[in-house]
Structure formats: C-alpha cells, structure tokens
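As structure tokens, the structure follows; a few thoughts come after it.
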Amino acid sequence: MRLSAPPSGGLLDFALPNFPRLSMTVRTRFAPSPTGFLHIGGLRTALFCWLYARRHAGSFVLRIEDTDLERSTPEAIQQILDGLEWAGLEHDEGPFYQTKRFDRYKDVIEELIAGGKAYRCYCSKEELEQMRAQQMARGEKPRYDGRWRERSDSLPGVAPVVRFKNPLTGEVVVDDVVHGRVVFQNSELDDLIIARSDGTPTYNFCVVVDDMDMQITHVIRGDDHLNNTPRQLNMLLALGSQAPVYAHLPMILGPDGAKLSKRHGAVSVLQYRDEGFLPEAVLNYLVRLGWSHGDQEFFSIEEMIQLFDITDVNKSASAFDVDKLTWLNQQHMMRASASRIVPVLRWHLDREGILATDEAQLEEIVRSQRERAKTVREMALNSVFFFRAPIGYDEKAVRKHVTADVPALLAEVADQLDQLTDWQAPAIHQIIIRVAAAKDLPLGKLAQPIRLAVCGGTVSPPIDATLAILGKAETLARLSKARSAWSA
RNA sequence: GCUCCCUUCGUCUAGUGGCCCAGGACAUCGCCCUCUCACGGCGAGUACACGAGUUCGAAUCUCGUAGGGAGCGCCA
C-alpha cells in the first residue's frame, strides 16, 4: 500500500501504528519547523532526503512541524515552500501539518498512559526549575527525577503534563548510517514531557508518531538531533513500531567556521535566487558539503541522483564558502543550454526595469556573457547596455582611449558598417580589423573606443559579438552620438 | 557540570595499513592566451590537531590529551 497525498488540509487518517510494512520502499521526510526562513542548512538536509528518495525510487514526504504555536507563522511556511520549489525539491506527499494531527497524538498519549508507558506529572515549572538548579549546583546533569513516575494520585487544580516512562536501565543503540554505532545509557535519559499541561503534544513525541504513521524508512536530519534519537527510539519501541534507519548529517557552519545562525551568515535560500544563483548550482555546492564522489566537482541534478548515497556522507561539519558556490554557479551557467538561462536572465532584467522580449537576442546575450559573469544577476547588470543607450561615458576610459583621431576613426568604421547587409559578427569583425589595419593600428586602439561608444564602459563581450547583438541601427546611432560628444 | 559527536592545505574534500615526505577543487600568487572583461592553459606556496601504543610499515587501527560542536526546555 502506498499512501497518496490526501487533499490539502484534510485530516490524515493513515494512522496505522502496527500496520506491517508491506514493501521496503524508501520513504524519507523533510520536517522543518516554520519559525523562520529556510536557510542553506535546511536546504541541504532536504536535498539529501530528496536525493536518497529519488535514487531509490522512493517517496519524499514534507512535514511541517508547527506544534510550537507561539513561534510558527504562515509566512515562514510559505517561505519554506517557496524555497523548496525554487530549488526544485518537489515532495511526493504532504505537506502534512502537525497541528492538524492533534487528535491522533492525543489518542496515542492516552494509549500510552493506559498501557502504563506514560504518566501524569503535577510538578510546577517552578518546582522543576528549582530541581534543575540544585542538580547543576551539585555538578549533575539536570534532569527530571521521576518523582511522579510511580504515583497515581493527582493534585487538584493543577493541570498535569504527561511524561514518557523511559526505561531506567540498559542501553539504547543507535546504528547511525553516518556516525556508526552510538550507544546511550538509559540512566542518562529522563522522562521527557510528551504533552504539555494545556494538552498539546511536544516535538519529540510528534516526530515519533509521525515517523511511525508515515512509515518513514530513513530519518535523515542534522546531527544536532543525534542526542534526541535514543529518546525517540525508546518511544518508538514502546509503541511497537520498528526503528527507521537513521542518518545524522554534519552541520553546515558559517564562512568563519562558527555556527550558522540567523544573525550570523544564515540567509533565506531565496536570497541566493535574488543574487543570481542557479538552483542547480546551489544544490551542486550543497551536495559536496559532507559528500563526495572521488574528485568530481561538477554534478548535474541527474548525476547527483544517480551517484548520491547516504552511506558516503562524512561525519564532520563543514564551512560555507561563497567563493566556491560562485565558481560552481558560473560552471553551471557555462554548461547549461542558453535556453535554460534565458528565463532567469529575463527575470533579473525585469528586476532592473528592463522588459526583454526577443528570445533569440537573449540567447545570444547568454552565450556571449556567461563566461564573464559569475551570477545571472551579474550577467543582467552587465547587459543593461544592450537595452539602454549609455547616458554617459566612463571618464577615465575616455581619457585613456579617446584620442584626437578617434572621431574620424569612428566615422570611418560607421561608414563601412553602414554598407554591411549581413549584420553578423564575422562580417563586423572583418570591417573592424580592416579599418585598424588600414590605419596601421593594433586592434585594441579601435575596439576600445567603439566599445566605449556603444557600452559607455570598457567591459563587454568581444566587440564584433557586441555589435552583432546590438543591431545595426542602434550601433550606428550610438557611434554617431559618441562621435559628436568627442568631437568638441 | 554531565552525556554524545567531530578533528587531512585558508575552505570543500580524496584517502579504509605499504601506490602518500599525501591527490583534486575553490581561493591566493606568477606566467601564457588576448580588442576590454572574462573564460581557458601552465605553474607555485599551503594540510594528516598533539602525544603514546600496535605493526617490518600508520593520515589510515587503539588509547589518551587538546580544541570545536550538539544535547541536557511544558523550543523544535
């Protein structure tokens, strides 16, 4: 049985705790909490989950962990959805919202209490705080001491929390795909709260119920969760479920090696889109953080799917390096088909207030600009002159390149270009070198003034290609305008 | 404080006992190409955290030390 995506917003009722797993179809999930934007770390986790599911023809489930009613926002949910969509990490099921599954959690909690596997605790927050403070003072690990574990009475007027009865002895073994065998002593764990005094379930508990209900086979997440795993495993076992495969990914650090946080280098993945990065480049960069395939640096999405394996993932954290991302971005721009880049370029031009409609011209721009731009945004910025005549000329460049003979030289070139019927780069090239040769000038002495005249600056694709894209009429108009500006 | 995790060039990494006085990539620097800017080519410097042990032989195995990180919440 495969679960198909239920109609959006519908209450999920595929709660099948003891339902035997009928197939070994891989099922991964990405489970962000919507308390902020999706950043690069979250995207990498999502990518690994997605790749693993794709590689094994499994399902990638999206689950929104919004049990923290205080901090979850609809805007954050939308941001996450937009980020994943931009990256192309489409999910097969979901998004499922934990807030829509409260009834299910409540049932499981009751089941646990009835089975003697959980109990109500009437401690006040103050009481717990005091307990922790005392333990810390004694140099002990702060943890709940189980004072209500064996009680069955209640405190009138006090709303209790529900705690999971964690085993007191023995050990929990997490066979992690990335970290290997990690052993935890149950004596180090305490009875964690699974339902707050207002009745709402807590994170660690919801995760367990969801992973079980959604029949997740591979839990791939950040290794900041490694410490949570033994608790979750104990609950899973108490619910009679079998454990999924765990893979705890190393964290991504900021450029300086410090933890990536909101105020420290972490930005929304959508910002990378705005800065002109291609999603496939960002994914390529991310897949190489903690994973490698020999010396290969460049991966298409297809190659990633084909080659990625969770068992090859590294254990150590890695620092985010924009320079390498930028290099990869250019590599992807250069290797992609021009038609792949055109819509992105158009989007960035649009943001500059330029409405570009000529598809063929845009393709030419991509072809001539992509090796001189590291991002599509940079490409757009460098290409503005194709759409808008320069409003002025780079002064320093004028001083350097516009000598007394330049106006006459431009007139000569303009005359010859005017005769040209075949407005193509090779023919334009012939004219320019012919004029330069006739005047016994190196090509640069002529190309730079022309460039300055049509672009306003000294940077552009090769001059023949530039003029070819610009078109005959526009080229002649700009040459004429520059000539009069420089004749004075 | 306690528990758990991590440690190869500045950065991402290759490396699973001899092929490694450590390979690739980004970045840096130099040279070449060149109509600008790039792309591209060639080259240079830079790393096995430290200490013991096992072994004929260790980046690779073991132990310890140091450093970094995570968790210990009625946050996720």
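Everything numeric here is computed off the predicted structure, so don't read it as measured data. Chain identifiers are assigned alphabetically (A, B, ...) following the order of the sequence lines, protein sequences preceding nucleic acid strands; residue numbering begins at 1 within each chain.
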Taking the side chain of A:Val182 as its heavy atoms from C-beta onward, which of B:A14, B:C39, B:C4 lies nearest to it? B:C4
Reckon A:Lys141 has a side-chain N or O less than 4.0 Å from the OP1 or OP2 of B:C72? no
Let me see the working for A:Asp224 and A:Met251 under side-chain contact (heavy atoms from CB on, under 4.5 Å), right down to the final yes or no. CA-CA 8 Å; A:Asp224 47 338; A:Met251 311 247 74; 3.6 Å; yes
If you check the A:Leu226 side chain, which of B:C4, B:A76, B:C37 turns out closest? B:C4
If I take atom CG from residue A:Leu325 and atom CZ from residue A:Arg288, how far apart are they, to the nearest 0.5 angstrom? 13.0 Å
Pair assignment for B:A59, Watson-Crick or G-U wobble, requiring both distances under 3.5 Å: none
Would you say the ring centers of A:Trp148 and A:Tyr119 fall short of 6.0 Å from each other? no
Does a nitrogen or oxygen in the side chain of A:His248 sit under 4.0 Å from OP1 or OP2 of B:C5? no
Treating primed atoms plus P, OP1 and OP2 as sugar-phosphate and everything else as base, which nucleotides of nucleotides 28-35 of chain B get B, S or - for protein heavy atoms under 4.0 Å? -------B
Whole-Å P distance, B:C42 and B:G51: 38 Å
Looking at B:C74, does its base get a donor-acceptor pair with the side chain of A:Ser197 below 3.5 Å? yes
Using a cut-off of less than 4.0 Å, is there contact between a side-chain N or O of A:Arg132 and OP1 or OP2 of B:C74? yes
Look at the side chain of A:Lys324 against the base of B:C12 and say whether a donor-acceptor pair falls under 3.5 Å; ignore hydrogens and angles. yes
Approximate separation, where rounding is to 0.5 Å, of A:Lys396 NZ and A:Thr458 OG1: 9.0 Å
Separation of B:C6 C1' from A:Ile252 CD1 (nearest whole Å): 16 Å
RNA chain B: A:Val459 or A:Cys121, which has the more 5' nearest nucleotide? A:Val459
For a quick check of understanding: with a heavy-atom distance under 4.0 Å over all strands, which category does A:Ser460 fall into, base, sugar-phosphate or nothing? base
Once you apply a heavy-atom cut-off of 4.0 Å, does A:Thr458 come out as touching a base, just sugar-phosphate, or nothing? base
Between A:Gln369 and B:U36, is there a side-chain N or O to OP1/OP2 distance below 4.0 Å? no
Across all strands, who's sitting opposite B:C74 as a Watson-Crick or G-U wobble pair, both distances under 3.5 Å? none
Which whole number of Å gives the distance between the C1' atom of B:A47 and that of B:C63? 24 Å
Could you state the atom-to-atom distance from CG of A:Asp321 to P of B:C9 in whole Å? 14 Å
Shortest non-hydrogen contact from A:Thr475 to A:Leu417? CG2-CD1, 4.3 Å
Nucleotide of B:C4, B:U7, B:C12 approaching A:Asn227 most closely (side-chain heavy atoms): B:C4
Could you give the CG-to-C1' distance, from A:Leu253 to B:C12, as a whole number of Å? 13 Å
What do the steps show when you test A:Glu110 against A:Arg104 for salt bridge (charged side-chain N to carboxylate O under 4.0 Å, His left out), and what is the final call? CA-CA 10 Å; A:Glu110 286 308 321; A:Arg104 166 65 180 152; over 6 Å; no
Remember a base hit wins even if backbone is also touched, and classify A:Met251 as base, sugar-phosphate or nothing at under 4.0 Å, heavy atoms. nothing
For a quick check, tell me whether the side chain of A:Arg196 and the base of B:C74 share a donor-acceptor pair closer than 3.5 Å. no
Shortest side-chain distance from A:Glu297, nucleotide among B:A25, B:G40, B:C74: B:A25
Rounded to whole Å, please give me the gap between NE2 in A:His225 and C1' in B:C75. 11 Å
So what does A:Gln330 hit on the nucleic acid, given a heavy-atom distance under 4.0 Å: a base, only sugar-phosphate, or nothing? sugar-phosphate
Looking at the rings of A:Phe320 and A:Tyr285, which for Trp means the six-membered one, are their centres under 6.0 Å apart? yes
Starting at CG of A:Asp224 and ending at P of B:C6, how long is that distance when rounded to a whole Å? 15 Å
As a test of understanding, state which of A:Arg163, A:Arg231, A:Arg143 forms a salt bridge (charged side-chain N to carboxylate O under 4.0 Å, His left out) with A:Asp190. A:Arg231
Using whole Å, report how far CD of A:Glu65 lies from P of B:C75. 15 Å
Measure from the side chain of A:Leu128, starting at C-beta and using heavy atoms only, and say which of B:G24, B:C26, B:C74 lies closest. B:C74
Across all strands, who's sitting opposite B:U7 as a Watson-Crick or G-U wobble pair, both distances under 3.5 Å? B:A66
Taking only the side-chain nitrogens and oxygens of A:Thr67, find out if one of them lies under 4.0 Å from OP1 or OP2 of B:C75. no
What distance, rounded to whole Å, do you find between the two C1' atoms, one in B:U16 and one in B:C32? 41 Å
Pairing check on B:A14: which nucleotide meets the Watson-Crick or G-U wobble criteria with it, both distances under 3.5 Å? none
Provide, to the nearest angstrom, the distance between the OH atom belonging to A:Tyr285 and the P atom belonging to B:A27. 12 Å
With a 3.5 Å cut-off and sequence neighbours excluded, list the donor-acceptor pairs that the side chains of residues 376-392 of chain A form with protein atoms.
{"unit_1": "A:Arg377", "atom_1": "NH1", "unit_2": "A:Glu352", "atom_2": "OE2", "d": "3.3"}
{"unit_1": "A:Glu378", "atom_1": "OE1", "unit_2": "A:Lys374", "atom_2": "N", "d": "2.9"}
{"unit_1": "A:Asn382", "atom_1": "ND2", "unit_2": "A:Glu378", "atom_2": "O", "d": "3.4"}
{"unit_1": "A:Ser383", "atom_1": "OG", "unit_2": "A:Gln369", "atom_2": "NE2", "d": "3.1"}
{"unit_1": "A:Ser383", "atom_1": "OG", "unit_2": "A:Met379", "atom_2": "O", "d": "2.7"}
{"unit_1": "A:Arg388", "atom_1": "NH2", "unit_2": "A:Glu352", "atom_2": "O", "d": "2.9"}

A:Tyr203 atom OH is separated from B:C74 atom P, nearest whole Å, by 16 Å
Quick one: is A:Asn228 getting a side-chain N or O under 4.0 Å of the B:A70 phosphate, OP1 or OP2? no
Please work out if A:Glu127 contacts a base, only the sugar-phosphate, or nothing of the nucleic acid, heavy-atom cut-off 4.0 Å. nothing
Below 6.0 angstrom between ring centroids: does that apply to A:Phe277 and A:His332? no
Between atom SG of A:Cys121 and atom CZ of A:Arg149, what is the distance when rounded to the nearest 0.5 Å? 12.0 Å
Return the 5'-most residue of the pair A:Gln98, A:Asp312 with respect to RNA chain B, ranking by each residue's nearest nucleotide. A:Asp312
P atom, B:G45 versus B:A25: distance in rounded Å? 15 Å
Could you tell me the Watson-Crick or G-U partner of B:C29, where both distances fall under 3.5 Å? Say none if there is no partner. B:G43
Indicate, with a heavy-atom threshold strictly under 4.0 Å, whether A:Asn382 touches base, sugar-phosphate, or nothing. nothing
Please classify the nucleic acid contact of A:Lys315 as base, sugar-phosphate, or nothing, using heavy-atom distances under 4.0 Å. sugar-phosphate
